[in-house]
Trainee: 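Before anything else, here's the structure in question.
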Amino acid sequence: MALAEERLGLAQLLLPWYRDHGRHELPWRQTRDDYALWLAEVLLQQTQVRTALPYYGRFLSAFPSWQDLASAPLDAVLAQWSGLGYYARARNAHRAAQMVVQEHGGRFPPTMAAAMALPGVGRSTAAAVLASAYGQDQAILDANARRVLFRAAGLVGEPRSSTNDRKLWRIAEAETPAGAAHDYNQAIQDLGAVLCRAARPDCPNCPVQSRCRAAALPKRRELPREGDRSARPRRYATLLLARDDGGRVLLQRRPERGIWGGLWSLPSLDDEQILVDSSLRAQVLERYAAAVGLVLHEQSLGPVQRHTFSHFSLEYAVLHASLRVQAVADKGSPLLCWDLAAALQLGLPSPIRRLLEQLD
DNA sequence: TAATCGTGGTT
DNA sequence: TAACCAAGATT
């Protein structure tokens, strides 16, 4: 592919721009600590800077080092991750920290192969950490770099196709300057985030406009659509909000696999359609009682609400009930009653946290 | 290869 | 409202 072999020479234009206009104030740019830099990369996976920013400081305070994270209970890690989404990242980060302590002497492994063997560390994350923490010449290909290079090289087709994926990695490696990979990686990410945005790219102010094949095109603003993903399937559930006489709320720990893995949530009864018919509520209560071994008394059924996940949309209603028997007391049970204040310290999914915060 | 895995902001 | 998108990795 002649196109992919041709150097665009982005670095010499990008680096001066970065010095003047880069987001140097970001907290993970104030350190060369391998733990902090790895943490930032994991927090930022599929997550915008604005969203991850407050989590970074809180997480570092709670777990300042590999050792602190490795020895922490998973529940404490998930609690810090609560609300950020893609919770497999938290579980993987916890295991990765344990591997770093036990197998790598408490230091991020300094080779691509060893780094990518850590759970939750793929090629781009590994490269980013090795470049930033150790100054290695490693090319990244995150969403920003992918978009910038796709446009600059004038690629066509789907950006995530395997063919374009190979081309983009080859271009990324060719454009990454020896001895300045860290700054270049930051620079191309800043360019993508600030100027070369997915929508409404600011081409007139772009420092690499002269090397960009897409800038001259009338449709430079458009990127090929991801394969027209069919509409999100809709799922339905009834969530049980049961409280005992002391106001404690019944929560259930979700299995590690699947959505909200490892988090504490309300007991959920999945259904084929939303329960708006009051005649069905009694059945729900019976099914809960049977499944959980509790005596429940219905109080009210809340309005239908919707929560959108990455690949499906959930319609749910909250069934408020009083809990007569405090039957689920044994430790190790995934079903426990919690004081409201204690519950809010757990790893909760966002909609569940919002719901509990509105109680009392 | 194609699904799976969250959430909040923007359009 | 609904679609799109984000410092991707895993199976």
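What you see is a predicted model, and the numbers here were worked out from it, not measured in a lab.
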Trainee: Need one value for A/Arg306: base, sugar-phosphate or nothing, where a base atom within 4.0 Å counts as base even if backbone is also close, heavy atoms only.
Mentor: sugar-phosphate
Trainee: Would you kindly compare A/Arg23 and A/Arg234 by the position of their nearest DNA chain C nucleotide and give the one closer to the 5′ end?
Mentor: A/Arg234
Trainee: Would a line drawn from the ring center of A/Trp81 to the ring center of A/Phe59 be shorter than 6.0 Å?
Mentor: yes
Trainee: Please give, in whole Å, the distance from C/dA6 P to A/Arg146 CZ?
Mentor: 10 Å
Trainee: Say you pick atom P in C/dT11 and the same atom in B/dG6; how far apart are they, in whole Å?
Mentor: 14 Å
Trainee: Do the ring centers of A/His311 and A/Phe309 come within less than 6.0 Å of each other?
Mentor: no
Trainee: Please work out if A/Leu84 contacts a base, only the sugar-phosphate, or nothing of the nucleic acid, heavy-atom cut-off 4.0 Å.
Mentor: base
Trainee: Of all the nucleotides listed (C/dA7, B/dG6, C/dT10), which has the minimum atom distance to the side chain of A/Asn92?
Mentor: C/dT10
Trainee: Please determine whether a side-chain nitrogen of the Lys or Arg among A/Arg29 and A/Asp190 lies less than 4.0 Å from a carboxylate oxygen of the Asp or Glu.
Mentor: yes
Trainee: So, OP1 or OP2 of B/dG8: does either fall under 4.0 Å of a side-chain N or O from A/Ser350?
Mentor: yes
Trainee: Counting the atoms with a prime plus P, OP1 and OP2 as sugar-phosphate, which does A/Val121 contact under 4.0 Å by heavy atoms, base, sugar-phosphate, or nothing?
Mentor: sugar-phosphate
Trainee: Expressed in angstrom and rounded to an integer, what is the separation of A/Trp38 atom CH2 from C/dG8 atom C1'?
Mentor: 15 Å
Trainee: Reckon A/Leu118 touches a base, only the sugar-phosphate, or nothing at all at heavy-atom distances under 4.0 Å?
Mentor: sugar-phosphate
Trainee: C/dG8 phosphate, OP1 or OP2: any side-chain N/O from A/Thr47 under 4.0 angstrom?
Mentor: no
Trainee: With a 4.0 Å limit, can you tell me whether A/Arg160 has a side-chain N or O closer than that to the phosphate oxygens OP1/OP2 of C/dG8?
Mentor: no
Trainee: Measure CG/A/Leu191 against P/C/dA6 and give the value in whole Å, please.
Mentor: 14 Å
Trainee: Would you verify whether the NZ or CZ of A/Arg107 falls within 45 degrees of the ring axis of A/Trp66 while also being under 6.0 Å from that six-membered ring's centre?
Mentor: no
Trainee: When you match A/Val49 and A/Gly120 each to their closest nucleotide on DNA chain C, which lands nearer the 5' end?
Mentor: A/Val49
Trainee: Say we look at B/dA3 and C/dC4: how far apart would their P atoms be, to the nearest angstrom?
Mentor: 16 Å
Trainee: I want to check one thing: is the phosphate of B/dG8, taken as OP1 and OP2, less than 4.0 Å away from some side-chain N or O of A/Arg354?
Mentor: yes
Trainee: Quick check on DNA chain B: between A/Ser162 and A/Arg50, whose nearest nucleotide comes earlier from the 5' end?
Mentor: A/Ser162
Trainee: From the options B/dG6, B/dT1, C/dA2, select the nucleotide whose nearest atom is closest to the side chain of A/Arg89.
Mentor: B/dG6
Trainee: As a quick check of understanding, evaluate side-chain hydrogen bond (donor to acceptor under 3.5 Å, both in side chains) for A/Ser310 and A/Arg232, giving each step before the final call.
Mentor: CA-CA 8 Å; A/Ser310 52; A/Arg232 284 188 181 82; over 6 Å; no
Trainee: Within the structure shown, what part of the strands sits under 4.0 Å from A/Trp81 by heavy-atom distance: base, sugar-phosphate, or nothing?
Mentor: nothing
Trainee: Using whole Å, report how far CG of A/Leu141 lies from C1' of C/dA6.
Mentor: 14 Å
Trainee: More than 12 heavy atoms of other residues, nucleotides or ligands under 6.0 Å from CZ of A/Arg58: yes or no?
Mentor: yes
Trainee: A/Ala143 near the nucleic acid: base, sugar-phosphate alone, or nothing, with a heavy-atom cut-off under 4.0 Å?
Mentor: sugar-phosphate
Trainee: Do A/Ser162 and A/Asp165 pair up side chain to side chain, a donor and an acceptor below 3.5 Å, judged on atom types alone?
Mentor: no
Trainee: Using the C1' atom as the point on both nucleotides, what is the distance between B/dC5 and C/dA6, in whole Å?
Mentor: 14 Å
Trainee: Could you tell me how far apart A/Gln48 (CD) and B/dG9 (P) are, to the nearest whole angstrom?
Mentor: 9 Å
Trainee: To the nearest Å, give me how far apart CZ (A/Arg353) and C1' (B/dT7) are.
Mentor: 14 Å
Trainee: Using a cut-off of under 3.5 Å, enumerate the N/O to N/O pairs linking the protein to nucleotides 3-5 of chain B.
Mentor:
| from | atom 1 | to | atom 2 | distance (Å) |
| --- | --- | --- | --- | --- |
| B/dC5 | OP2 | A/His311 | NE2 | 2.5 |

Trainee: Using only side-chain N and O atoms of A/His307, determine if any of them is under 4.0 Å from OP1 or OP2 of B/dT7.
Mentor: yes
Trainee: Rounded to whole Å, please give me the gap between CD in A/Gln305 and P in C/dT1.
Mentor: 13 Å
Trainee: Could you measure between the two P atoms, the one in C/dA7 and the one in B/dT11, and give it in whole Å?
Mentor: 15 Å
Trainee: Can you check whether A/Phe312's main-chain N or O pairs, donor with acceptor, with A/Arg235's side chain at less than 3.5 Å?
Mentor: no
Trainee: Write down the distance between CG (A/Asp142) and C1' (C/dA7), rounded to a whole number of angstrom.
Mentor: 5 Å
Trainee: Could you tell me whether A/Asp245 atom CG has more than 12 heavy atoms of other residues or ligands within 6.0 Å of it?
Mentor: no
